[in-house]
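Note sheet for the following structure.
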Amino acid sequence: MSLPRPVSDTLIELLKPVASELGERLGASAVNERYAEIEPSGSSALNQQIKKDPRWIKAQVRYLQRQQAREQELIALADAEEWVKEERANRIKAQEVRDKRSISRICRDLMREFQSEAIRVKLTEIQTIWDRDNWFSNLSRQETEQILQQQQHRLLVLVAPAKISEDCPDSFRHNLNIELPAKLRAFLNQHYPPQGDLCPVQFYGDYFKKSISDIDVERLQTVLSPVPTAILYSDISDYEVNFHVGFWGVINQSVSLVAMQPWNWEEVYHQLEAEGKDKKLSLRIIRQIIVTIHKLLAAFLADLYYLNIDFTHEPQLFKLEAEFALEWFSKDWAQPYIETLKEIQEQQRIVYKGEMRRLALREAKAKAERQRLEEAELKRREEVDAASKRANELAHKLKHQKWRCVFTLPGHSSFVNSLAMSPDGKILASGSWDKTIKIWNLETAELIGTLTGHSDRVNSVAISYDGKMLVSGSSDETIKFWNLHNGDLLCTFPGHSMEVNSVAINPKRLVIASCGGADNTIKLWNLRSGKLLRTLRGHSDNVNAVVFSPDGKILASGSSDATSKVWDVESGKLLRTLSGLNVGVNSVAIAPDGQILASVSNDYTIKLRNLHTGSLLRILNTNPGKGKGVTNLGMNEALHILQNYVSRGDSVAISGDGLTLASGCDDNTINIWNLQTGELLSALKGHSGTVYSVAIAPSGNLLASGSADQTIKIWRCD
């Protein structure tokens, strides 16, 4: 049996968008775990619980091992006789099916176990809910409790009586609500039996006593939220049908509602009449199509749900084309649903195969690790003892070093806002609020040249790691590229709205980072072409500083939103947010070994954190009354607090040898710290204004400071 082509084409166009929408909304968590990270609730969160359960991990490892053994057995059969190959291949296939079903049962058993507490709570609340809303009097309290108390984890599918207009034919009003639950029940019991091992569905066709609306679906969710549920409901006017789907417990426990485009049944009726079919048969065909669409949606929802929680699930819909074809149903109608399931199934298999491989590898590594624990612990103790001895010797040496000012460089007519040293420690670039950049010879203190071109204050300068190029960022909203040796302006391009606060050059790649302005963003640019590569969003206030790690793979940023953020340069992904900074972050620096991130905040503190974990490492107190001794606070807790009680730290730099950290303050001093112990080594005085910028030569014995007093001072360590 087949429908006229125009009718069939109309139905295909009607059904196709729903396959895509339901696939995205119900199938997304099968291949994307971010749902569990963003909103840890519902089925996706249960999946995460299951994956962490030792019983599931053990079952997964066992399944993978048995699968690998079967693959090896098939390879060994390459030279066997054909009948032997066929016999063993069938046996291996049967073993695979049994193992998959075992995995499915474990998955559903664990899911039910993890849901049991939520179900218990609902059972205690049900009387209150029933009393609060009169609508529940239309439902069976006994059936509701039975649904919650089901011992086996199943998808619950409910169909509500269609809301049929009084203007519809008697054929609809008398027959449709009899046919719909009966035929849907028979269909689901045959292909998705409630006691089945593969994809059990608990179906109720008479749960609702009358037709329902979207608000009724949301009401019911307050009772059945622990049970994954799909609800089919429809309303029929004198000329069209509206199909609706409501569901929860697939990605999260909130209700999702999907509506299909209205189907003009009256138009189909006239087309069938034109084909010579009588009124009774035409209306019967239309009713049958309505029922069959409900079957298709129910099957699709069931397969989507079980694909979402079980990588071994083989959708039953793949086998049902022939059955639908017997009901005036072209196989083309189901094709979008089948294609969606196949795509999700393939993605699901890839994800789970990768997970199992990683799981097996992790188990093997753990076993090897346990075998060498004693030896590693002994070696660690020896290294700790040696490192402690070296640290004590180094601390003694650093403590007795003396810093002195060897040059004072005048020349700027406003605040010196930024400093950058060349990799060989011979050239210094300074950026100022006087809109200029000056280039200095550090060995002679001679002014080599003045770069003009910015129309507002220069906030940041950076020198490339080959020492050939200078990059500057300004409040004139531009970034400029300069030839460091001859001062030529190479190019200018717009940076951020309002101002560019900071620029940094990647030491390993042709990439520049910039930040600032009212757009709260960080931008990555190609060093040679000036092309914008990507924009990093995540801060909620001005971004004040950016710095690359020595290997060029990580970017750190500091913002007025009281956070520092750590980004992956290649992908632009936010790796972690370091909060707990109380107030805005003015400056950031990364140690040469790439392990320590220093951030300077408006709360007078410098915080030293592990760049890769975000844990707070050191705290130091410069208040004489509180600065004696170091307190060990335990794993992942602060060891020292760098607290400056008399001023606000404005800038920070770490020496190339990783031994010292310099911080500029608004009490006009530069503090020199032992980066390894957190000890304050020196407080350099000489400026008559806030120290806005500091830079340390790679050797660690030469320091430059820029100040609001319009000067630069060069300090040397004896």
Could you give me the CA-CA distance, side-chain angles and deciding distance for Ile236 and Leu176, then say whether side-chain contact (heavy atoms from CB on, under 4.5 Å) is met? CA-CA 11 Å; Ile236 306 174; Leu176 184 58; 3.2 Å; yes

Pair Leu524-Trp567, side-chain contact (heavy atoms from CB on, under 4.5 Å): steps then yes or no: CA-CA 11 Å; Leu524 301 182; Trp567 313 80; over 6 Å; no

Determine, stepwise, if the pair Gln271 / Lys277 fulfils side-chain contact (heavy atoms from CB on, under 4.5 Å). CA-CA 9 Å; Gln271 290 172 333; Lys277 295 179 174 58; over 6 Å; no

Between Glu143 and Asp206, is a side-chain contact (heavy atoms from CB on, under 4.5 Å) present by the stated rule, with each step listed? CA-CA 10 Å; Glu143 286 184 347; Asp206 54 0; 4.2 Å; yes

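With hydrogens and angles ignored, the 3.5 Å screen pairs no side-chain donor or acceptor of Arg154 with any backbone N or O of Pro200. The closest donor-acceptor contact from the side chain of Asn177 to the backbone of Ala162 lies under 3.5 Å. The backbone N or O of Asp541 lies less than 3.5 Å from a partner atom in the side chain of Ser559, making a donor-acceptor pair. At distances below 3.5 Å, not a single donor-acceptor pair connects side-chain atoms of Ser102 with backbone N or O atoms of Arg98. For the pair Asp131 (side chain) and Thr128 (backbone), a donor-acceptor distance under 3.5 Å is absent. Checked by atom type and distance alone, the side chain of Asp133 never pairs as donor or acceptor with a backbone atom of Phe136 at under 3.5 Å.
Side chains of Glu343 and Gln347 form a contact here, defined as non-hydrogen atoms less than 4.5 Å apart. Contact check for Ser234 versus Trp263: no side-chain heavy atoms found under the 4.5 Å cut-off. Between Val241 and Ile286, the closest side-chain pair of non-hydrogen atoms is not below 4.5 Å. For the pair Leu283 and Asn175, the minimum side-chain heavy-atom distance is 4.5 Å or more. Side-chain contact check for Glu266 versus Glu240: every heavy-atom pair is 4.5 Å or farther apart. A heavy-atom distance below 4.5 Å is not found between the side chains of Val291 and Phe187. Side-chain contact between Thr521 and Val543 is absent, with no heavy atoms from C-beta onward closer than 4.5 Å. Within the 4.5 Å cutoff, the side chain of Leu297 has heavy atoms near those of the Met260 side chain.
The shortest non-hydrogen separation linking Lys523 to Leu532 is CB-CD1, 3.7 Å. Ala299 and Leu317 get closest at one heavy-atom pair: CB-CD1, 4.0 Å. The shortest non-hydrogen separation linking Ile178 to Pro181 is O-CD, 3.7 Å. Taking all atoms of both residues into account, the shortest heavy-atom contact from Ile126 to Leu123 is CG2-O, 3.3 Å. What you find for Trp248 and Val217 is that their closest heavy atoms are CZ3-O, 3.7 Å. Contact detail for Thr144 and Trp130: the closest heavy-atom pair is OG1-CH2, 3.4 Å.
Here Arg55 pairs with Asp53 in a salt bridge; the nearest charged N to carboxylate O distance falls below 4.0 Å. Ion pairing between a basic and an acidic side chain is recognised when a charged N comes within 4.0 Å of a carboxylate O; Lys122 and Glu125 show such pairing. For the pair Arg120 and Glu117, the salt-bridge criterion is met [side-chain N within less than 4.0 Å of a carboxylate O].
Side-chain contact of Asp99 with Gln95: a donor-acceptor pair under 3.5 Å is absent, judged by distance alone. Under 3.5 Å, the side chains of Glu314 and Tyr306 contain no donor-acceptor pair of N or O atoms.
Rounded to the nearest 0.5 angstrom, Leu232 CG and Leu296 CG are separated by 10.5 Å. Between Lys280 atom NZ and Ser171 atom OG the span is 9.0 Å, to the nearest 0.5 Å. How far CD1 of Ile129 is from CZ of Arg219: 13.0 Å, rounded to the nearest 0.5 Å. To the nearest 0.5 Å, the span separating CG on Leu304 from CD1 on Ile344 amounts to 5.0 Å. Expressed to the nearest 0.5 Å, how far CD of Glu218 lies from OG of Ser213 amounts to 9.0 Å. Interatomic distance, CD of Gln202 versus CD1 of Ile147, reported as 7.5 Å (0.5 Å rounding).
Applying side-chain hydrogen bond (donor to acceptor under 3.5 Å, both in side chains) to Asp303 and the options His313, Gln316, His191 leaves one that passes, His313. For the side-chain hydrogen bond (donor to acceptor under 3.5 Å, both in side chains) with Glu145, the lone residue among Arg141, Gln149, Gln142 that qualifies is Arg141. With His539 as reference, Asp561 is the one residue of Asp561, Thr577, Asn520 to meet the side-chain hydrogen bond (donor to acceptor under 3.5 Å, both in side chains) rule.
Among residues at least two apart or in separate chains, there is no ring-ring contact (aromatic ring centres under 6.0 Å, His included) pair with a member in residues 210-231. Within the structure, every pair that satisfies the ring-ring contact (aromatic ring centres under 6.0 Å, His included) test and touches residues 194-243, not counting sequence neighbours, is listed here: Tyr233-His244, Phe243-His294.
Environment of CZ in Arg576: crowded, with over 12 heavy atoms of neighbouring residues, nucleotides or ligands closer than 6.0 Å. Counting heavy atoms of neighbouring residues, nucleotides and ligands inside a 6.0 Å radius, atom NZ of Lys58 does not exceed 12 of them. Counted within 6.0 Å of CZ on Arg66, heavy atoms from surrounding residues, nucleotides or ligands total 12 or fewer; the atom is thus considered open. For Lys163, the NZ atom sits in a loose shell: 12 or fewer heavy atoms of surrounding residues, nucleotides or ligands are nearer than 6.0 Å.
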